[in-house]
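Note sheet for the following structure.
Heads up: numbering here begins at 1 and tracks the sequence. The structure displayed is predicted, hence computed values, not measured ones.
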Amino acid sequence: MLRIGSVVLGVSDVPRAAAFWTKALRYVPREEMEEDWVVLVPAEGAGVQLSLGVSETPAQEHPRIHLDLYAGDAADQAAEVERLVSLGARRVDWDLYPADADFVVLADPDGNRFCVIDTAHD
């Protein structure tokens, strides 16, 4: 039986990306970080691993695959968006928002898009 072991993001600078994602997700390196690769795991308990590897491919403006980070409600979502921006994420001028969006699109320091979702949104 197969299961997803790790989500892998291509980045241009592994140490910089690891610094952002460890703070953003409260993760830690599973092993000693290499210049071109690191696997991050939750600091406490089980969860999805996030692997960061050097890639020369630029981030996509409208990626086919991205991370969805869940917030409890609109207030939690707004607080998390501000926290992530303070860590180095940037807001994306997303042209595909629906009229009543439950998500905010951000980009990590490498330009990889991800969403912060208000899971209480109806």
Side-chain angles (χ1 to χ4, degrees):
M1 181 173 172
L2 292 176
R3 63 183 175 87
I4 294 174
S6 190
V7 174
V8 181
L9 286 181
V11 299
S12 60
D13 183 328
V14 169
R16 178 186 67 192
F20 173 78
W21 286 108
T22 56
K23 291 175 188 164
L25 299 175
R26 295 174 180 94
Y27 273 34
V28 296
R30 186 180 68 189
E31 293 115 15
E32 187 173 334
M33 182 174 13
E34 299 175 23
E35 282 297 311
D36 63 349
W37 182 256
V38 67
V39 178
L40 305 176
V41 296
E44 297 180 21
V48 176
Q49 296 184 150
L50 180 63
S51 300
L52 307 171
V54 169
S55 174
E56 293 182 17
T57 305
Q60 296 174 324
E61 187 173 327
H62 293 99
R64 292 177 60 157
I65 297 174
H66 66 275
L67 300 177
D68 279 351
L69 307 180
Y70 287 1
D73 57 27
D76 186 33
Q77 177 190 45
E80 286 297 336
V81 166
E82 291 309 313
R83 184 180 72 82
L84 293 164
V85 168
S86 77
L87 294 174
R90 66 178 175 77
R91 295 175 186 275
V92 173
D93 186 17
W94 192 249
D95 58 344
L96 301 176
Y97 277 119
D100 191 23
D102 64 349
F103 63 96
V104 175
V105 180
L106 299 176
D108 72 5
D110 276 280
N112 293 308
R113 280 23 177 198
F114 64 97
C115 296
V116 181
I117 311 294
D118 168 4
T119 59
H121 187 271
D122 291 343

| query | Any side-chain heavy atom of Asp68 sitting closer than 4.5 Å to one from Phe103? | reply | no

| query | Would a 4.5 Å heavy-atom cut-off, applied to side chains only, mark Leu52 and Met33 as touching? | reply | no

| So, do Asp110 and Leu9 sit near enough that their side-chain heavy atoms are less than 4.5 Å apart? | no

| Could you give the distance from CG (Leu106) to NE2 (His66), rounded to the nearest 0.5 Å? | 11.0 Å

| query | Would you call Trp21 and Leu67 a side-chain contact if the rule is heavy atoms closer than 4.5 Å? | reply | yes

| Shortest non-hydrogen contact between Ser6 and Ser51, atoms and distance | OG-OG, 2.5 Å

| query | Transitively linked via ILVMFWY side-chain contacts under 4.5 Å: Leu25 with Val116? | reply | yes

| said: Within the 4.5 Å heavy-atom criterion, are Pro15 and Glu35 side-chain neighbours or not? | reply: yes

| Within-4.5 Å side-chain heavy-atom neighbours: Val48 and Ile4 | no

| message | A quick test of your reading: do over 12 heavy atoms of other residues, nucleotides or ligands sit less than 6.0 Å from CD of Glu61? | response | no

| task | Using the rule that two of Ile, Leu, Val, Met, Phe, Trp, Tyr join whenever any of their side-chain heavy atoms come within less than 4.5 Å, decide whether Tyr70 and Leu84 are in one cluster. | result | yes

| task | Could you tell me which residues satisfy side chain to side chain donor-acceptor pair (under 3.5 Å) with Arg91, sequence neighbours excluded, listed by chain and number? | result | Glu82

| field | Over all atoms of both residues, closest heavy-atom pair of Arg83 and Lys23 | value | NH1-O, 3.0 Å

| message | When you measure from the side chain of Arg26 to the backbone of Ala24, do you find a donor-acceptor pair of N or O atoms at a distance under 3.5 Å? | response | no

Let me have the donor-acceptor pairs involving side chains of residues 92-99, under 3.5 Å, with sequence neighbours excluded, atom names and distances please.
from  : atom 1 : to     : atom 2 : distance (Å)
Asp95 : OD1    : His62  : NE2    : 2.8
Tyr97 : OH     : Val105 : N      : 2.8

| Gly45 to Pro42 - nearest heavy-atom pair and separation | O-CB, 3.5 Å

| request: Could you pull out the closest heavy-atom pair between Arg16 and Pro109, with the gap in Å? | output: NH2-O, 3.7 Å

| message | I'd like to know if the side chain of Arg30 reaches the main chain of Val38, judged simply by a donor and an acceptor atom lying under 3.5 Å from each other, with no hydrogens or angles considered. | response | no

| said: Please determine whether residues Val28 and Leu69 belong to a single hydrophobic cluster, defined as Ile, Leu, Val, Met, Phe, Trp and Tyr linked transitively by side-chain heavy-atom distances below 4.5 Å. | reply: no

| query | Between the side chain of Ser55 and the main-chain N/O of Thr57, is any donor-acceptor distance below 3.5 Å? | reply | yes

| Do you know which two heavy atoms are closest between Thr22 and Pro29, and how far apart they sit? | CG2-CD, 4.5 Å

| field | Val39 with Val11, same ILVMFWY side-chain cluster at under 4.5 Å | value | no

| field | Listed partners of Tyr27 passing ring pair (Phe, Tyr, Trp, His ring centres under 6.0 Å), at least two apart | value | none

| said: Please determine whether side-chain contact (heavy atoms from CB on, under 4.5 Å) holds for the pair Gln77 and Val104, giving the CA-CA distance in whole Å, both sets of side-chain angles, and the decisive distance to 0.1 Å. | reply: CA-CA 8 Å; Gln77 177 190 45; Val104 175; 3.7 Å; yes

| Donor-acceptor contact below 3.5 Å, side chain Asn112 vs main chain Gly10 | yes

